[in-house]
**Q** 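Pasting in a structure now, in structure tokens, and then I'll have a few things to ask.
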Amino acid sequence: MSTRGAGAASRIRGLYAILDLSVVLAGGKPEEVLDAALRETLEGGCRLVQYRDKKSTARALLERASRFSAACHGTGATFLVNDRLDVALLSGADGCHLGQDDLPLSAARQLAPAGFLLGVSTHGAGEAIRAAADGADYVGCGAVFPTGTKGDAVTPRGTALVAEVAGAVAIPVVAIAGITRANAARALRAGAAAFAVISDLFAGEGIREKTKEFLSIWEAEARAR
């Protein structure tokens, strides 16, 4: 049930769940905790997941990404890997999200198959315009709100940043950093096609229910447009 081949606009929308080991792991074995967290958000209806892991070995990354990819595709969800294009390709992921210091988009595109999504982290209209010109399928836009999950996060610029980037490019914009159930609607109203969530989704219990709450926010805003 892979979604590979579908357009970015139909796949990069709504809740963009970021499965991050450093946030999800609060006791228990990493594999069991990660698998349970992914299962709950998929059961809650999430259809866009990124695996983000800055510390694990390449072997562990590939083993997990392969498992997560299969689980996502079993529900028709799009699965992305953060930073590591090699892991994304080998695991059967639908795409890879690249930071400003990762493999250049032009180089990544040479290795990626047709229909493979490539997203780029941006911090303003200039970077977003360059990413779009280089062939990015979507751009991440942040930091929007304060966050504790990225030690190198730039100074938050609020929804004005989302509006600036969304107004500068025609590809989907994902609002990143500090997104919660209390402010997700604001990011969507500013022009975001999707909102990336880590802590307010995966920290603590009730992931399935929180997923449904985020999706309800997205659906309400989509109806209002």
Side-chain angles (χ1 to χ4, degrees), residues 6-18 20 48-50 52 54 78 80-85 88 94-112 115-200 214 217-218 220-222 224-225:
S10 64
R11 301 160 76 185
I12 308 299
R13 58 200 294 268
L15 174 60
Y16 183 123
I18 299 183
D20 188 319
L48 179 58
V49 177
Q50 181 200 115
R52 179 177 183 267
K54 301 285 189 178
T78 294
L80 310 171
V81 173
N82 188 63
D83 294 343
R84 295 292 297 267
L85 179 63
D94 298 289
C96 184
H97 186 83
L98 302 170
Q100 289 292 318
D101 296 325
D102 292 329
L103 194 67
L105 183 63
S106 58
R109 188 61 76 188
Q110 293 180 47
L111 299 173
F116 190 83
L117 293 172
L118 289 175
V120 178
S121 293
T122 64
H123 309 99
E127 290 181 350
I129 290 170
R130 286 193 294 274
D134 287 342
D137 293 295
Y138 74 93
V139 292
C141 162
V144 179
F145 302 112
T147 176
T149 59
K150 293 188 68 176
D152 60 345
V154 296
T155 302
R157 292 181 52 199
T159 55
L161 173 62
V162 178
E164 172 189 312
V165 173
V169 298
I171 56 179
V173 174
V174 180
I176 296 176
I179 305 297
T180 68
R181 284 160 287 174
N183 60 33
R186 291 169 54 195
L188 292 170
R189 292 169 192 163
F195 48 87
V197 186
I198 304 179
S199 296
D200 200 44
F214 274 114
I217 292 169
W218 155 249
E221 291 301 318
R225 293 183 177 185

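Basis for what follows: all heavy atoms, side chains included, without hydrogens, waters or symmetry-related copies.
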**Q** Quick check: does any side chain N or O of Asp200 sit under 3.5 Å from a backbone N or O of Arg181, one acting as donor and the other as acceptor?
**A**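 Confirmed, Asp200 side chain pairs with Arg181 backbone.
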**Q** Between Asp102 and Arg84, is the side-chain contact (heavy atoms from CB on, under 4.5 Å) condition met? List the steps.
**A** CA-CA 8 Å; Asp102 292 329; Arg84 295 292 297 267; over 6 Å; no
**Q** Kindly determine whether Leu15 and Val197 satisfy side-chain contact (heavy atoms from CB on, under 4.5 Å), including the steps that lead there.
**A** CA-CA 7 Å; Leu15 174 60; Val197 186; 3.8 Å; yes
**Q** Would you name the heavy atoms of Val120 and Ala136 that are closest together and state the gap between them?
**A**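 Here Val120 and Ala136 meet closest at CG2-CB, 4.1 Å.
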**Q** Before giving the answer on side-chain contact (heavy atoms from CB on, under 4.5 Å), spell out for Leu117 and Thr78 the whole-Å C-alpha distance, their side-chain angles and the decisive distance to 0.1 Å.
**A** CA-CA 10 Å; Leu117 293 172; Thr78 294; 4.0 Å; yes
**Q** Please confirm whether the backbone N or O of His123 pairs with a side-chain atom of Glu127, one donor and one acceptor, at under 3.5 Å?
**A** yes
**Q** Considering the options Val139, Asp137, Leu48, which one meets the side-chain contact (heavy atoms from CB on, under 4.5 Å) requirement together with Ile12?
**A** Leu48
**Q** How far apart are the closest heavy atoms of Gly178 and Thr147, and which atoms are they?
**A** N-CB, 3.7 Å
**Q** Do Arg109 and Asp134 sit within salt-bridge range, that is, some charged N less than 4.0 Å from a carboxylate O?
**A** no
**Q** Please list, chain by chain and in numerical order, all residues satisfying side-chain hydrogen bond (donor to acceptor under 3.5 Å, both in side chains) with Arg130, sequence neighbours excluded.
**A**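 Result, side-chain hydrogen bond (donor to acceptor under 3.5 Å, both in side chains) vs Arg130: none returned.
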**Q** Considering only heavy atoms from C-beta outward, does the side chain of Trp218 approach that of Arg13 to under 4.5 Å?
**A**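 Result yes, sub-4.5 Å side-chain heavy-atom pair found.
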**Q** Identify the two heavy atoms, one from Ala175 and one from Val144, that lie closest to each other, and give their separation to 0.1 Å.
**A** CB-CG2, 4.1 Å
**Q** When the ring planes of His97 and Tyr16 are compared, do they come out parallel, tilted or perpendicular, using 30° and 60° as the limits?
**A** perpendicular
**Q** Short question: side chain of Gln100, backbone of Ser121 - any donor-acceptor pair under 3.5 Å?
**A**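 It does hold such a pair.
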**Q** What are the two closest heavy atoms between Leu98 and Leu103, and how far apart are they?
**A** CD1-O, 3.5 Å
**Q** Heavy atoms only: give me the nearest Ile179-Ala187 pair and the separation to one decimal.
**A**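 Heavy atoms only, the tightest pair is CD1-CB, 4.4 Å.
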**Q** Donor-acceptor pairs are to be reported for all side-chain atoms of residues 159-174 against protein atoms at under 3.5 Å, with residues two or more places apart or in another chain.
**A**
residue: Glu164; atom: OE1; partner: Arg157; partner atom: NH2; Å: 2.6
residue: Glu164; atom: OE2; partner: Ala125; partner atom: N; Å: 2.8

**Q** If I compare all heavy atoms of Leu118 with all of Ala112, which pair ends up nearest, and what's the gap?
**A**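 Leu118 and Ala112 have their closest heavy atoms at CD1-CB, 4.5 Å.
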**Q** Hey, mind stepping through Asp94 and Phe116 against side-chain contact (heavy atoms from CB on, under 4.5 Å) and telling me if it holds?
**A** CA-CA 6 Å; Asp94 298 289; Phe116 190 83; 6.0 Å; no
